[in-house]
Every structure is written in structure tokens, then in C-alpha cells.
Amino acid sequence: MPVPPDLFARVALDTPLTTLFDYRVQYTGHGEPPIVPGQLVQVPFGRRQVVGVVWEMTQRSEVPSQKIRSLEIAWRELPPLPADWRALMEFAARYYQRALGEVALPALPTHLRSAARWPRLLAERGARHFRLDPRGESALLASLPARAKARRRLAEGLCAAGTLDADEARALCAQAPELLHQWAAQGWVIVENTDADDYADAAAPLEVAAAPRLTDEQQAAFEAIDAALRREDAAPAPFLLHGVTGSGKTEVYLHAVAAALLHPGAQVLVLVPEINLTPQLEQVFRRRFPKETLATLHSGLAEGERARHWLAAHRGRARIVLGTRLAVLASLPHLRLIVVDEEHDPSYKQQESLRYSARDLAVWRAHQRGIPIVLGSATPSLDSWRRAQQGRYRLLTLRERASPDAVLPEVRLIDLQREGQAQRALEDGLAQPLLGAVAQRLARGQQSLLFLNRRGYAPVLACDACGWISGCPRCSAHLVLHKSERRLRCHHCGLEAAIPRACPDCGNLDLAPLGRGTQRIEETLARRFPNARIARIDADSTRRKGSAQALFDEVHAGAIDILVGTQMVAKGHDFRNVTLVGVINADAALFSHDFRAGERLFSQLMQVSGRAGRAGQPGEVLIQTRYADHPLYAALLRHDYAGFAAGQLAEREQASLPPFTHQALLRAEARALAVALEFLQTARDLGQTPELASAQVTLYDPVPMTLVRVANSERAQLLVESPSRPALQQFLSGWVARLRDTKTAARWYLEVDPLDI
DNA sequence: AGCACGCCGACT
DNA sequence: GTCGGCGTGCTC
């Protein structure tokens with residue numbers, strides 16, 4: 001009898017080490033592969049047992065044979081993670097310069113990363129038939145401790161009968177389903193008809209509720225997407241759906257989703273920027289599509305629920321997956337359409353661990369699968385806008401608000417310079433015309449929304465006498481006064497302190513809050529309008545789970561007259577009775593060092609303006625500013641995104657900024673700034689050695705970050721730039737490989753396509 | 001990244 | 001005498 005060749009599984013594990021790890025796999029006999037790529041496995045790794053993903057199978061290993069351990073536990077009942085998911089992980093790892101396992105494993109819900117939880121996740125799914133694999137019989141019986149009577153009864157019953165169904169098994173042992181799934185992971189038991197029912201109803205036609213008629217513009221946009229859905233020959237160019245708030249982008253999405261789901265078993269991925277927006281959109285989708293077809297994925301779900309929804313997507317049961325950026329990493333074997341709502345939103349970029357852009361990965365994913373993707377926004381990112389101008393994306397435009405009685409709001413500026421050299425004309429930051437407009441809405445029984453992107457009472461507390469200010473001891477930032485919680489808080493490191501009664505330096509009792517946050521505006525309004533019902537929505541007032549929804553519900557129910565809020569209120573919510581939007585302090589962003597500040601401000605103001613006047617009532621937007629002739633405001637008054645974008649793009653091109661160049665940042669932090677800077681300087685020197693240097697790639701000098709110190713660690717960064725993305729990518733991969741071998745006390749990471757520099 | 005092993009200070 | 005500080009070395 002011929003000796004079977006060796007067989008190894010090459011497994012991705014969650015470690016920064018860039019290699020795959022080889023494990024020996026036993027043949028099972030009949031020639032069928034015992035383990036396949038994409039399977040989840042548990043393997044010994046050093047002292048511990050860890051979960052990994054099998055990436056490939058091989059008959060040869062480079063690793064010395066005595067080091068190789070055996071793979072025993074595999075989640076054989078779970079369909080393997082599909083090839084396109086693995087390709088996405090490979091791309092993300094390559095693009096963001098991380099180890100494969102560092103990308104692939106965090107993409108899974110944590111419950112799937114603990115083999116101890118697999119049996120229960122499987123047992124939840126109800127009745128099954130279990131068959132003994134005769135080759136597993138002795139191992140199974142040997143694995144049982146003498147005292148485990150019930151388990152032994154079950155094992156012996158199974159060995160005697162050969163097969164058991166779930167009820168018979170449960171009669172022998174109460175935990176039968178879990179145990180049998182556990183034994184299946186060991187390869188001793190085969191679970192039958194696991195997937196037969198998973199896809200059964202996925203192929204049945206979907207019942208879609210009646211949809212409203214589309215406007216001509218919506219119809220044209222839908223038809224373009226629908227045509228792309230029908231063509232199967234080539235990967236369609238991404239669609240950029242540009243439509244002002246209220247123009248009915250959502251209805252276009254819904255029609256496109258319905259069209260995509262006409263394909264039996266097809267799946268659709270819908271991304272939204274923030275958790276807050278999922279319940280609202282979820283409701284819209286639930287009204288249109290059968291409940292059981294929809295699964296949500298976001299970090300607000302309990303872990304068990306997240307695992308179940310993820311598995312529903314992976315098994316093809318969930319036809320519509322609605323979620324935040326992490327949903328782009330889900331396994332969706334029958335994906336046919338992707339929608340990215342508010343594609344410009346910075347929340348799509350993860351700002352920790354793997355710093356990926358969900359929007360960019362979604363575009364890659366659609367291209368790789370050859371399916372349509374719709375990027376929707378009232379104020380597209382300049383990146384996407386430029387691609388549309390170049391013809392690389394297909395632009396679909398909705399010029400008008402969908403409902404004929406909803407007209408664009410009138411945007412006016414309140415010129416604070418003219419309003420008064422007189423600071424007195426400002427009542428605690430609120431100009432008289434704005435207060436007058438609020439009073440008018442109160443009289444008419446309409447709602448007002450005041451937008452201020454700064455939470456807390458005041459951004460800093462200061463001593464009039466000696467000039468002391470409330471600095472954070474651990475960060476180069478101010479402690480923010482939170483009056484209602486009676487605390488000083490650092491918004492960067494989370495440090496909290498009591499409000500001092502007197503100046504810590506000179507003992508002066510007059511400590512003055514400087515500047516204004518949402519709490520202070522709320523207080524001013526309460527004083528000025530004692531009978532008005534005022535609510536504040538920001539990260540502080542919505543800390544408890546569900547409280548954001550509760551506050552929004554109150555606003556919708558008309559129980560609130562004046563709503564004060566940060567950008568949380570700007571996104572997505574339709575406030576039917578809001579006819580006034582006031583923007584309190586937007587100017588700061590006009591002169592920011594960050595070249596994207598203007599782009600962000602414009603889209604924020606455009607978005608918050610869109611809250612005004614939606615249900616047949618004309619809306620008014622009042623913006624307080626000291627720079628009334630700034631071109632950004634001029635464009636805003638005209639509702640002229642295209643004009644604004646053209647201006648910005650011209651400036652960016654002139655200055656060779658993104659999207660006309662591509663960037664990456666190497667960031668380092670250490671207890672002492674010098675250590676971080678020194679590491680970056682070494683990295684820069686390394687990058688300029690002939691072996692790595694490229695004529696197309698520029699390395700700038702290491703510089704301290706604007707906010708140097710956060711939580712007692714000092715930070716610096718080094719900018720890398722290239723007009724060519726491939727050249728940048730090639731440089732980065734060689735560079736990072738060398739950096740990994742560099743010894744340093746600094747913590748460092750690379751950020752590709754940074755949003756703020 | 002974990003998680004070991006390993007070799008020097010203040011404590012029951 | 002040992003509990004524990006974090007230096008360096010490995011994980012198929």
C-alpha cells in the first residue's frame with residue numbers, strides 16, 4: 001500500500017508575524033480533502049490554543065518537521081470562508097501593510113474566534129442527524145473521562161446505533177447537541193443535512209411591498225443601476241449617486257436592492273456611516289422587504305447576536321446586510337450589489353488597529369466580484385467626485401427634492417462683524433437675529449435646531465487673575481468643563497477631575513469658562529426661553545444605550561421645541577417640523593491646518609441644512625460667521641456643491657494634495673518625543689537607501705504631531721507621498737518589512753490614505 | 001501581540 | 001528565604 005504524502009494546512013493566525021503557520025493534517029481515508037482553505041480551525045500556538053483560518057493546503061512545508069504540530073480541531077460544519085472573502089482579506093493586508101492574520105481574524109465576530117463557542121452556535125440551529133465516523137470511534141471513547149456518565153451513555157449509544165437524530169441523542173444526554181457538534185469539530189462525528197435548509201428559502205422569490213413611484217431623475221438613476229445589475233459580462237464602473245438631502249437617494253437604493261434580489265439567493269450589502277443611522281434605515285428596509293431577509297451588523301450588537309447575524313450572512317440566509325464599516329468585512333458568498341450611503345463620511349475610516357476605509361474596500365470588493373456599487377452622497381468626497389469627473393465612476397444626479405412641496409432651504413449668513421463690534425450683541429454666543437428666528441418658531445409651534453460641533457459647557461476653564469488654564473496633565477490639550485456632570489474632562493485621554501473651587505495656582509475664586517459648548521448654549525436658551533422645551537443631543541447626553549433613540553423620538557413626537565446638538569444631529573434624521581437650523585460656530589474650520597477641513601465643513605453644513613424644511617414647510621438656515629465673504633459660504637448659499645468641489649480640486653491640484661497625490665503616514669509614539677522622532681529619522685534614512693528609495697516617492701521630515709502628547713505619550717509622524725499608487729505601495733511594503741526588524745522603544749504604525757495629517 | 005523564561009530588589 | 005519588576009526571545 002502506498003504511503004500517503006504529507007499534508008499541511010497553512011493557517012492565518014492573529015499575530016503581527018507576517019507568515020502563515022503550518023500544521024500537519026491527517027488524511028481521513030476516502031481521498032476527500034479533510035481540511036479545505038477557508039475553514040476555521042483551532043490550533044496549538046505556543047502555550048495556547050488559538051483560532052485561525054486555513055489559507056491553503058500543501059504537501060510540502062519549509063518548516064523543520066519537528067517544529068510542526070498537528071491540527072485536530074476544525075469547524076467542519078461551517079461552510080469554509082469563500083475565496084472572494086479571502087481575496088478581500090489578502091488585498092486589505094497588502095494595501096494597509098499588515099499581516100494577513102491581523103486582518104482576517106479581527107474581521108470575524110469574537111464568538112467565532114473561540115472554538116469553545118462553536119458547538120452552541122451550531123446547536124442553536126435545531127434538529128440534525130449525527131453519524132459516527134467509524135475511524136473516530138476509538139478516539140471518541142478514549143477522550144471521555146471515566147466519570148462522565150451521561151457523555152459516555154451518548155457516545156456508546158452513538159457507537160451502537162451508528163446514527164442518532166437530535167431527539168434520540170437528547171434522550172441519552174441533556175447536552176447532546178453541543179457535545180455532538182464538538183465531536184464533529186474533532187472529526188469523530190459527521191453532522192448530516194447541515195446546509196440543506198440554509199439556502200432552501202433563500203432561493204424562493206422575495207415578496208417586496210409596494211414602492212412609491214420614482215421621479216424621473218430617480219427613475220433614470222435606478223435604470224442605470226438596474227442595467228448594470230443585468231449585465232454580467234464586465235465589471236460595471238462604480239456609480240456615484242449625487243443628490244441633495246431629501247432628493248430621495250434612499251428610494252433609489254431600495255429599488256436597486258429589490259432589483260438585485262430578483263436573482264435567486266442574491267445578497268446585498270448596505271453600508272451606513274454610523275450606528276445611530278442603522279435603526280432608521282433598518283425600519284425603512286423592513287417596511288419594504290420581508291423581515292427574515294435582513295441582518296444588521298454593527299458594534300452595538302451583543303456579541304452573540306453579532307455572531308448569529310454574521311453567520312446568517314455567511315450562510316446566505318441574510319439577503320440584505322445593513323451595517324456600519326465593519327460589515328464590509330463580512331462573508332457574503334452571493335453578493336450582487338453594494339450600497340454605500342453618505343460615502344464621503346469620515347466614519348468609514350477606522351481610526352484604530354487596522355486603519356481601513358470601508359468605502360474603499362467596498363469599491364474594491366465590488367470590482368473584484370464584478371458587481372455594481374452605488375456610492376451615495378449630497379456632498380461626495382473630492383476623491384470620488386474627481387473619479388466621476390474623469391469618467392472612472394458613473395455620475396447619477398438627483399437635482400430636486402423628491403417631494404414637490406419640499407424646497408431647498410434658504411441659507412443666510414449672520415455677519416457677526418456687522419452685528420456688533422459689540423460683543424454684547426451676542427447673547428452668550430447667540431446673535432440677536434438667530435435668537436429672534438428661534439422666538440418666531442416658538443410662536444409658530446415649529447422646531448429649531450442649533451448646531452454646534454463642540455460638546456461640554458466650555459472648552460476651557462481659566463483664571464482671570466493669573467492666567468491659569470485647565471490643562472490636561474496627561475495630554476497637550478485643555479480639560480473641557482462639563483457643568484451638568486460637575487467635572488473637567490479631557491476629550492483625548494478620558495481623564496476626569498473635579499471642578500476646582502479656586503485657581504490651583506493663585507487661589508483666586510473667579511474661574512471663568514472660556515468659549516461655548518452645547519451645554520452652555522442649552523443653558524443660555526433655557527434662560528432666554530424659559531417656557532421652551534429644549535433638548536441636547538451629543539455624545540454626552542446619549543452615553544447610555546438607547547438614549548439617543550429616545551431623544552430623537554421625542555423630537556419626532558414634537559415634544560421638543562429647540563434641539564441643540566453636535567454633528568450627531570446632522571446625520572440622516574428627518575425632522576419633519578424643523579424649519580430653522582442655526583449654525584453657531586463654524587468659522588474655526590475655515591483656517592484649519594488640515595487641508596480637508598473645508599471639505600468636511602462644507603458637507604457638514606450642507607447636511608445640517610438639509611434638516612430644515614422637509615414636510616412642505618419652507619426651511620431657513622442661519623449661519624453665524626465673522627467671515628461672511630468666505631467662498632465656502634458663498635457656495636453654500638447657492639447650494640452649489642459642484643462649484644465648491646471645483647474650487648477645492650483646483651487648489652488641491654495646485655498644491656499637489658490628494659486626490660492628486662497619494663499619502664501614507666508613519667506614526668510613532670513614545671514616552672519621550674525624542675524617541676519617537678529618532679525612530680522616524682531612522683525610518684527615513686532607511687527609506688532613502690538605494691535599495692528602497694524610489695524616484696516617485698517622497699519622504700518628508702519627521703515632525704511632532706499637532707496634538708503632541710496624548711495620555712502621557714508623545715507622538716510624531718513622517719509623511720510619505722507619491723503621485724503613483726503602485727509606486728507608493730511597492731515602496732511601503734519593502735519599507736515596512738525593514739521597519740519590523742528595527743529595534744526601538746517607540747510604538748509605531750503605518751497609516752495608508754490618512755484622513756487627517 | 002501574548003506569553004514564556006530569566007535574573008536582581010523589598011517583603012511576609 | 002520568595003514575590004515580582006520588565007528585558008529578550010519564540011510562536012508552525
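Side chains are part of it too, since the values below use all heavy atoms of this structure and drop only hydrogens, waters and symmetry mates. Below, chain A is the first sequence line, B the second, and so on; all start at residue 1.
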J.: Show your working on salt bridge (Lys or Arg N to Asp or Glu O under 4.0 Å) between A:R10 and A:E62 and close with a plain yes or no.
T.: CA-CA 11 Å; A:R10 314 204 67 218; A:E62 304 297 314; over 6 Å; no

J.: What N/O pairs connect the protein and nucleotides 4-8 of chain B at under 3.5 Å? Give each pair on its own line.
T.:
none

J.: Could you tell me how the ring of A:W55 sits relative to the ring of A:W85: parallel (under 30°), tilted (30 to 60°) or perpendicular (over 60°)?
T.: tilted

J.: Is a side-chain donor-acceptor pair under 3.5 Å present for A:H314 with A:S331?
T.: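 Yes, A:H314 and A:S331 have a side-chain donor paired with an acceptor closer than 3.5 Å.
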
J.: Is it true that a side-chain atom of A:H492 and a backbone atom of A:R474 form a donor plus acceptor pair closer than 3.5 Å?
T.: no

J.: Extract from the structure each pairing of a protein N or O with an N or O of nucleotides 10-12 of chain C at less than 3.5 Å, listing the distance.
T.:
unit_1	atom_1	unit_2	atom_2	d
C:dT11	OP2	A:K67	NZ	3.3
C:dT11	O3'	A:G46	N	3.1
C:dC12	OP1	A:Y23	OH	3.3
C:dC12	OP1	A:P44	O	3.1
C:dC12	OP2	A:G46	N	3.3
C:dC12	OP2	A:R69	NE	3.0
C:dC12	OP2	A:R69	NH2	2.8
C:dC12	O3'	A:D22	O	2.5
C:dC12	O3'	A:R69	N	2.9
C:dC12	O2	A:D22	N	3.0

J.: Mind checking whether A:R325 and A:Q350 have side chains closer than 4.5 Å, heavy atoms only?
T.: yes

J.: Once the angle between the rings of A:W118 and A:W75 is folded into 0 to 90°, is it parallel (under 30°), tilted (30 to 60°) or perpendicular (over 60°)?
T.: parallel

J.: Quickly work out the A:R113 CZ to B:dG2 C1' distance and round it to whole Å.
T.: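 So the CZ-C1' distance, A:R113 to B:dG2, works out to 13 Å.
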
J.: Any non-hydrogen side-chain atom of A:P346 less than 4.5 Å from a side-chain atom of A:R600?
T.: yes

J.: If only side-chain N and O atoms count, and only distance matters, is there a donor-acceptor pair under 3.5 Å linking A:R98 with A:Y356?
T.: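 Absent: no donor and acceptor within the cut-off.
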
